[in-house]
Amino acid sequence: VPKYSDRNQFFSAQLPELLRVTYDRLHLFPLVTAGPGDPLIHVPGSDGRKQLEAIARANGFTLEVKVAPNLVENSEKEPGFNMLGIFVRRNNFK
């Protein structure tokens with residue numbers, strides 16, 4: 001979903017809805033948004049990453065970002081296209 005969406009639409013509507021309907025965990029791959037010159041959203045400390053983390057927390061999830069296991073040794077992907085976002089529901093979320 002994020003790969004085909006502009007950043008604003010993904011953050012404001014799509015990610016919150018995906019998390020709303022997720023029971024336990026959500027894997028998003030690749031963790032990039034569409035658009036020429038769109039900044040990478042997985043980079044620690046970036047505005048995009050802060051927004052991902054804030055949306056995850058607000059919906060009762062934690063976020064882990066890592067290189068997709070099947071692409072660990074593949075360096076031919078464009079930046080960001082090898083990143084996997086794993087959202088896991090916290091047990092104390094009501």
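Since we're looking at a predicted model, the values are computed, not measured.
Within the 3.5 Å criterion, the main-chain N or O of R49 finds a donor-acceptor partner in the side chain of S46.
Here the shortest heavy-atom pairing between I41 and L31 reads CG1-O, 3.5 Å. For the pair H42 and V65, the tightest heavy-atom approach, listed with the atom from each and the gap, is CB-CG1, 3.7 Å. Closest non-hydrogen pair, F61 versus F87, comes out as CD2-C, 3.7 Å. Scanning both residues, F10 and P16, for their nearest heavy atoms gives O-CD, 3.9 Å. Among all heavy-atom pairs drawn from R7 and D47, the shortest one is NH2-C, 3.7 Å. Looking at every heavy atom in both residues, G45 comes nearest to K50 through O-CE, 3.2 Å.
The shortest distance between side-chain heavy atoms of L84 and L28 does not fall below 4.5 Å. Counting heavy atoms from C-beta on, the side chains of M83 and P30 never come closer than 4.5 Å.
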Chi angles and distances behind the side chain to side chain contact (heavy atoms under 4.5 Å, CB included) call for K3, T33: CA-CA 5 Å; K3 176 174 140 177; T33 53; over 6 Å; no
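For the atom pair OG1 (T62) and CD (E53), the distance works out to 10.5 Å, reported to the nearest 0.5 Å. In this structure, the separation between OG1 on T22 and NE2 on H27 is 10.0 Å, given to the nearest 0.5 Å. Rounding to the nearest 0.5 Å places CG of L18 at 5.5 Å from CG of L26. Taken from CZ in R89 to CG in N59, the straight-line distance is 8.0 Å, to the nearest 0.5 Å. The CG atom of L15 sits 10.0 Å away from atom OG of S12, with the distance rounded to the nearest 0.5 Å.
With respect to E17 and R20, a salt bridge is recorded, a charged nitrogen being found less than 4.0 Å from a carboxylate O.
Applying the side-chain contact (heavy atoms from CB on, under 4.5 Å) rule to E64 yields the partners K66, I86; only residues at least two apart in sequence or on another chain are considered.
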